Amino acid sequence: MKILVSWSSGKDSAWCLHVLRRERTGDVAGLLTSMNESVSRVSMHGVREEILRAQADAAGLPLFTIPLPWPCSNEIYEARLREAVARAVGDGFTHVAFGDLFLEDVRKYREDRLAGSGLLPLFPLWGIPTPQLARTMIDGGIRARISTLDPRVMPRELIGAEFDEALLAALPSSVDPCAERGEFHTCVTDGPMFATPLDIEPGEIVEREGFVYGDLRLRPAR
């Protein structure tokens with residue numbers, strides 16, 4: 001079993017990688033990330049490509065990217081996804097793992113898109129109660145910052161906050177602790193899936209298309 005991990009740069013995909021390795025599910029051999037090609041950032045999360053590549057280096061895995069235009073139609077997205085899947089199968093990958101937690105429609109979409117492709121989907125975190133999972137990740141050493149949030153459902157002041165017990169306590173009760181409904185997205189900087197931590201610093205905070213983005217940069221070496 002040769003596994004490709006769908007890598008968002010955030011906590012759930014990072015913990016998915018950790019669980020796969022811990023349970024020795026198969027040969028985890030790469031990370032796959034969708035990129036906004038116009039700005040060289042991770043789609044939705046807004047994380048810079050330089051940080052993404054530093055994450056892959058820290059995880060000791062090759063990074064494969066899916067470049068997407070912005071705006072991106074569903075037709076273009078699915079066409080480029082098919083190309084990426086075909087390349088992965090050609091490289092010998094047999095499975096792709098996702099950090100999805102409980103949204104049935106998202107899981108079904110992935111299963112439908114992969115049907116007959118040669119890649120089988122895995123969902124290592126599926127069904128774990130999210131309050132439990134959030135604390136398991138924090139206790140297990142995950143270090144992450146909020147890179148994007150939806151100010152309609154949570155305070156914009158939480159942009160850039162560490163994913164920790166203080167954040168969980170500050171979240172409105174309507175917000176899922178793991179943000180499975182897209183309430184916020186994170187950028188992982190350390191954890192048991194990394195050989196070395198990433199040294200990052202906060203940058204500009206902007207609001208675009210209804211979401212707040214907190215820029216993160218790799219801190220220059222001293």
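Since the model is a prediction, treat every value here as computed from it, not as a measurement.
- In this structure, the side-chain hydrogen bond (donor to acceptor under 3.5 Å, both in side chains) partners of Thr130, at least two apart in sequence or on a different chain, are Asp176.
- Atoms CG and CG, from Leu61 and Leu31 in turn, are 5.0 Å apart once rounded to the nearest 0.5 Å.
- Side-chain contact check for Asp12 versus Met137: some heavy-atom pair is nearer than 4.5 Å.
- The nearest pair of heavy atoms linking Gly210 to Asp150 is O-OD1, 4.1 Å.
- Across every non-hydrogen atom of Met35 and Ser40, the tightest pair is CE-C, 3.6 Å.
- The backbone N or O of Met193 sits less than 3.5 Å from a side-chain atom of Arg21, completing a donor-acceptor pair.
- Following chains of ILVMFWY side-chain contacts shorter than 4.5 Å, one can reach Val175 starting from Val106, so the two form part of one hydrophobic cluster.
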Review point. For Phe194 and Val188, what are the C-alpha separation, side-chain angles and deciding distance, and is it a side chain to side chain contact (heavy atoms under 4.5 Å, CB included)?
Key: CA-CA 10 Å; Phe194 286 172; Val188 168; 3.7 Å; yes
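- In terms of modelled atom types and a separation under 3.5 Å, the side chain of Thr186 and the main chain of Lys11 share a donor-acceptor contact.
- Judged as a salt bridge (charged side-chain N to carboxylate O under 4.0 Å, His left out), and not counting sequence neighbours, Glu183 has no contacts.
- Two residues are said to be in side-chain contact when any heavy atoms from C-beta on lie closer than 4.5 Å; Met154 and Phe184 meet this criterion.
- Phe102 is connected to Leu171 through a chain of hydrophobic side-chain contacts under 4.5 Å among Ile, Leu, Val, Met, Phe, Trp and Tyr, so both are in one cluster.
- Taking 4.5 Å as the limit, every side-chain heavy atom of Met1 sits out of range of all side-chain heavy atoms of Asp27.
- Considering CD1 of Ile138 and OG1 of Thr136, their distance stands at 9.5 Å, rounded to 0.5 Å.
- Listed by chain and residue number, nothing satisfies the salt bridge (charged side-chain N to carboxylate O under 4.0 Å, His left out) test with Glu204 (two or more places apart in sequence, or in another chain).
- Residues Thr196 and Asp190 form no side-chain contact, since every pair of their non-hydrogen atoms from C-beta on lies 4.5 Å or further apart.
- Leu81 belongs to a hydrophobic cluster whose other members, connected by ILVMFWY side-chain contacts under 4.5 Å either directly or through intermediates, are Leu4, Leu32, Phe64, Ile66, Leu68, Tyr77, Val85, Val89, Phe93, Val96, Phe98, Tyr109, Leu114, Leu119, Phe123, Trp126.
- Residues Pro67 and Ser34 have side chains not in contact (no heavy-atom distance under 4.5 Å, counting atoms from C-beta outward).
- The only member of Arg107, Lys108, Arg113 that meets salt bridge (charged side-chain N to carboxylate O under 4.0 Å, His left out) when paired with Glu111 is Arg107.
- By the ring-ring contact (aromatic ring centres under 6.0 Å, His included) test, Phe211 pairs with no residue at all, sequence neighbours left out.
- Looking at residues two or more places apart in sequence or on another chain, you find a side-chain hydrogen bond (donor to acceptor under 3.5 Å, both in side chains) between Glu201 and Arg219.
- Side-chain contact between Leu218 and Asp199: absent, with no pair of heavy atoms (C-beta onward) separated by less than 4.5 Å.
- Here CG of Leu125 is found 6.0 Å from CG of Leu101. Values are rounded to the nearest 0.5 Å.
- Side chain of Gln55 to main chain of Ser9: a donor-acceptor pair is present (N/O by atom type, distance under 3.5 Å, no hydrogens or angles).
- Tyr213 and Ile146 sit in two unconnected hydrophobic clusters of ILVMFWY residues. Membership requires side-chain heavy atoms under 4.5 Å apart, directly or through other members.
- Arg181 meets the side-chain hydrogen bond (donor to acceptor under 3.5 Å, both in side chains) test with no other residue; sequence neighbours excluded.
- With sequence neighbours excluded, the residues satisfying side-chain hydrogen bond (donor to acceptor under 3.5 Å, both in side chains) with Arg53 are Glu49.
- Atoms CG and CZ, from Asp164 and Arg143 in turn, are 8.0 Å apart once rounded to the nearest 0.5 Å.
- Residues Val153 and Leu167 share a hydrophobic cluster, clusters being chains of Ile/Leu/Val/Met/Phe/Trp/Tyr side chains in contact below 4.5 Å.
- Here Leu120 sits alone; no ILVMFWY side chain lies under 4.5 Å from its own, so it joins no hydrophobic cluster.
- Between Thr148 and Val212 there is no side-chain heavy-atom pair separated by less than 4.5 Å.
- Taking the ring-ring contact (aromatic ring centres under 6.0 Å, His included) definition, one finds that His18 meets it with Trp15, sequence neighbours left out.
- To the nearest 0.5 Å, atom CG of residue Leu216 and atom CD1 of residue Ile200 are 4.5 Å apart.
- Each side-chain hydrogen bond (donor to acceptor under 3.5 Å, both in side chains) pair with one or both residues in residues 85-106, not counting sequence neighbours, appears once here: Asp100-Arg110.
- Both Phe163 and Leu158 are part of a single hydrophobic cluster, where members link through side-chain heavy atoms under 4.5 Å apart.
- Qualifying salt bridge (charged side-chain N to carboxylate O under 4.0 Å, His left out) partners for Asp215, counting only residues two or more places apart in sequence or in other chains: Arg41, Arg48, Arg217.
- When atom types are taken as modelled, the side chain of Ser13 and the backbone of Ser8 share a donor-acceptor pair closer than 3.5 angstrom.
- With rounding to the nearest 0.5 Å, the separation of CD1 in Ile142 from CZ in Arg135 is 15.5 Å.
- For the pair Pro151 and Glu207, the minimum side-chain heavy-atom distance is below 4.5 Å.
- Between the Ser147 side chain and the His45 main chain, a donor and an acceptor come within less than 3.5 Å of each other.
- Contact detail for Val19 and Pro124: the closest heavy-atom pair is CG1-CB, 4.1 Å.
- Between Arg145 and Gly160 the shortest heavy-atom distance is NH1-O, 2.9 Å.
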